[in-house]
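This report concerns only the one structure given below.
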Protein chains: 2
Amino acid sequence: MVDVAARETKSTRTRQRILDAAAEVFSEQGYPARLSDIADRAGMKAGSLYYHFDSREDLVAEVLRLGIEGSWEQVAAAVGRLPSTATPLQRLEAAVRAHTLSIVGRSAYATAQARIVGSLPPDLARAHRKDQRAYGEYWRDLFDAAQRAGQLKSGVDTFAAQMLAFGAMNWTSEWFQAGRGLTPEQLADQAVMLFFGGVASLP
Amino acid sequence: MVDVAARETKSTRTRQRILDAAAEVFSEQGYPARLSDIADRAGMKAGSLYYHFDSREDLVAEVLRLGIEGSWEQVAAAVGRLPSTATPLQRLEAAVRAHTLSIVGRSAYATAQARIVGSLPPDLARAHRKDQRAYGEYWRDLFDAAQRAGQLKSGVDTFAAQMLAFGAMNWTSEWFQAGRGLTPEQLADQAVMLFFGGVASLP
DNA sequence: GTCTATATGACGATAGAC
DNA sequence: GTCTATCGTCATATAGAC
């Protein structure tokens, strides 16, 4: 066995613990969170972080990457679980539901990602944009398929619709509190209903 | 004339210039923006800011307040311009259009507010929440009226709908670029169409 | 690998001249 | 009112012991 990626050394486990702590702290405090707070939660001293990460920015970048990756995996899995007879619109619906749940469903990474993207210094923002673009293109394919199938209202700008949807879904990390009012699943239902059918009762 | 509020001393003009500069810088760099950058743009040195504001937090708080105030005024004006025969749903539509335009339509304050609200330290967040709540209740009245008039789809959770809408609209400050693709007005149309009718072509 | 201790550098904030 | 100069604080990052 020489599969380095899969090997579980003490180091990789600690690194993971640090990342988990960082995701939680960033999701609570936003970008200005201090390394000492992250170290505290990981059960170590701030200086010790540097054995695992070269800099604060490296740590932030990794949390951001994992945030997108996590949502993407959940969304892709949900879409993949659909029967092959599912329509493009149903696939898009499953994606909206899954992404909303990935934000709200206690994924500190997804929440942190959604919360701190707005305050990134230029270099981190640039690095992050590549991942965003890749995930965005996955969504664009979903939109394009639905549009080609004639399942989208005429006049809909798919790019604007996609970005408006991301805004609505990602912002839930700021206000949604499980147990107060809606469950995560009910919130996802609301998002799907609103996004595909709108709030108005009259056509 | 002893109307202090309306008097235009040099001090109030400078104060205004600082606030404008701060709104721009915060809208570009997010919460971590430096006072020196703000001072630069206002044409002064960082230390001089303290003649006009007691602390960095005071300055941030004022920008936040003006951000909400500006959107609110634009929205209220748009709703007020409607004929008295307008339905509750039409009033809500006007609000969505106006709020979207207030974010995209080059209001640095609204953009800054939408952008940095996620990274506020606890005390600033608490202070800001009062303003948010007041503006939110204005919206809640619009929603309630529409619901009472039977113009909202049954099953819609108005609070969730409101917050999802805010997320979608405020997030536009992160991605929308006038001149590339849609105009601000077209974007507002998209937001209205999506929010009230959804993207799906089939009912 | 994690610690303590310290270097380094930023930034917010203050004091006093003008 | 704005400047220059400086203080104090705090966070990132490094060095070296364990």
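Because only heavy atoms are used, hydrogens play no part in the values below, and waters and symmetry mates are left out as well, while side chains stay in. Labels below follow one simple rule: chain letters A, B, ... track the order of the sequence lines, proteins then strands, and each chain is numbered from 1.
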Notebook entry, point to check: Is the backbone of Met193(B) close enough, under 3.5 Å, to the side chain of Glu93(B) for a donor and an acceptor to pair up by distance?
Noted result: no

Could you list the donor-acceptor pairs under 3.5 angstrom formed by side chains in residues 116-126 of chain A, with sequence neighbours left out?
residue: Ser119(A); atom: OG; partner: Ser119(B); partner atom: OG; Å: 3.0

Next item on the list: Taking Gln190(B) for its side chain and Ala160(A) for its backbone only, find out whether a donor-acceptor pair lies under 3.5 Å.
Entry: no

Next item on the list: Report yes or no: does Arg115(B) contribute a side-chain atom to a donor-acceptor pair with the main-chain N or O of Glu28(B) at less than 3.5 Å?
Entry: yes

Next item on the list: Verify whether one side chain among Ser102(B) and Ser71(B) offers a donor that lies under 3.5 Å from an acceptor in the other.
Entry: yes

Margin query: Under a 3.5 Å distance rule, please check whether Arg97(A) uses its side chain to pair with a backbone N or O of Ala188(A) as donor and acceptor.
Written below: no

Notebook entry, point to check: Under a 4.5 Å cut-off applied to non-hydrogen side-chain atoms, are Gln16(A) and Asp20(A) in contact?
Noted result: yes

Check: In residues 54-62 of chain B, what residues come within less than 4.0 Å of DNA chain C, judged by heavy atoms?
Finding: Ser55(B), Arg56(B)

Checklist line | Summary of ring pair (Phe, Tyr, Trp, His ring centres under 6.0 Å) pairs that have at least one residue in residues 27-60 of chain A, sequence neighbours excluded | finding: none

Check: Using a heavy-atom cut-off of 4.0 Å to chain A, what are the terminal contacting nucleotides of DNA chain D, in 5' to 3' order?
Finding: dA11(D) to dT14(D)

Notebook entry, point to check: Going by number, which of residues 17-47 of chain A have a non-hydrogen atom under 4.0 Å from DNA chain C?
Noted result: Met44(A), Lys45(A)

Next item on the list: May I have the step-by-step check of ring pair (Phe, Tyr, Trp, His ring centres under 6.0 Å) for Phe166(B) and Trp175(A), ending in yes or no?
Entry: CA-CA 11 Å; Phe166(B) 271 121; Trp175(A) 59 269; over 10 Å; no

Notebook entry, point to check: Got a sec, which pairs hit side chain to side chain donor-acceptor pair (under 3.5 Å) with one end in residues 160-172 of chain A, sequence neighbours left out?
Noted result: His99(A)-Asn170(A)

